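Positions are given from 1, in the same order as the sequence printed here. All of these numbers come straight from a predicted model, not from anything done at the bench. Both ligands and their constituent atoms are indexed starting at 1 by order of listing.
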Amino acid sequence: MEIMWMTMEDVRKKQHAGVPVIVPFGTVEQHGSHLPLSTDTLQAYSIAVLAGSATGALVTPPVHYGQCSSTRNHPGTITISGDTLRALAVDIVQSLAGQGFAHIVLFSGHAGRIHMAALREAAERCVREEPGLKLAVICDLDLVKEVSADLLATPGDGHAGEIETSRMMHLYPEKVKEPPPEEYPSFPPGRVVPDPERYWPGGVWGNPQAADGEKGKLIVERSAEALARIVQSLIED
Ligand SMILES: [Zn+2]
């Protein structure tokens with residue numbers, strides 16, 4: 001069930017009853033010339049809602065902002081720091097735990113390294129401080145690579161490429177524009193630069209040309225099933 005549509009009385013019935021909660025995390029981030037800035041949020045939320053109906057988990061409203069590094073100067077990206085994200089994740093988990101929810105999955109539609117590290121660090125702090133809390137931190141891209149490898153034609157596809165374009169063609173076909181050509185960033189190894197956009201001007205990491213909506217439907221379904229299995233394992237543990 002989606003918490004955003006529930007009432008206080010709806011939630012009261014779920015408290016202290018072992019009901020799991022999925023918290024979807026997204027970004028406001030450039031996704032090439034063809035996908036909307038909220039792509040990560042929209043995908044994570046859709047998959048979380050499917051996994052929620054399969055398991056009975058509640059789904060919180062998504063966190064629309066995340067930490068973006070290499071896309072931070074592309075037009076439209078609105079990034080928050082790892083510190084802010086960590087603090088936000090800790091606050092959300094502690095608030096849910098205080099409401100009697102002890103099985104929580106932080107599910108991220110964005111795979112950035114600093115972003116994921118902030119979520120993991122938040123989760124580690126929460127399990128240290130809240131005895132009995134069961135927490136998982138899941139990166140959507142890891143799930144896709146695990147369950148949809150046989151569907152994908154593009155090795156190393158990661159951002160606004162085959163995977164995300166396919167899924168958005170399935171979920172929000174009217175919001176997808178003409179897919180641009182294949183592109184991969186060419187960041188200089190190990191360097192931290194003030195202008196990462198210089199090394200991938202189109203903002204695509206993979207091949208949007210290999211995308212199609214039917215493939216996107218399968219990837220969404222398989223991702224949701226994989227997330228549902230993780231939610232289930234948290235309850236059974
Ligand atoms: Zn994305």
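Using a 4.5 Å heavy-atom cutoff, the side chains of Leu227 and Asp140 are not in contact.
When distances to the Zn ion (ligand 1) are checked against a cut-off of 2.8 Å, His31 contributes an N, O or S atom below that limit. The Zn ion (ligand 1) has no N, O or S atom of Glu29 inside 2.8 Å of it.
With the Zn ion (ligand 1) as vertex, Glu164 OE2 and Asp40 OD1 subtend 90°, rounded to 10°.
Side chains of Gln43 and Glu164: a donor-acceptor N/O pair is present below 3.5 angstrom, by distance only.
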Exercise. Determine, stepwise, if the pair Asn73 / Glu197 fulfils side chain to side chain donor-acceptor pair (under 3.5 Å).
Key: CA-CA 7 Å; Asn73 299 328; Glu197 66 282 6; 3.0 Å; yes

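The closest donor-acceptor contact from the side chain of Thr165 to the backbone of Ala160 lies under 3.5 Å.
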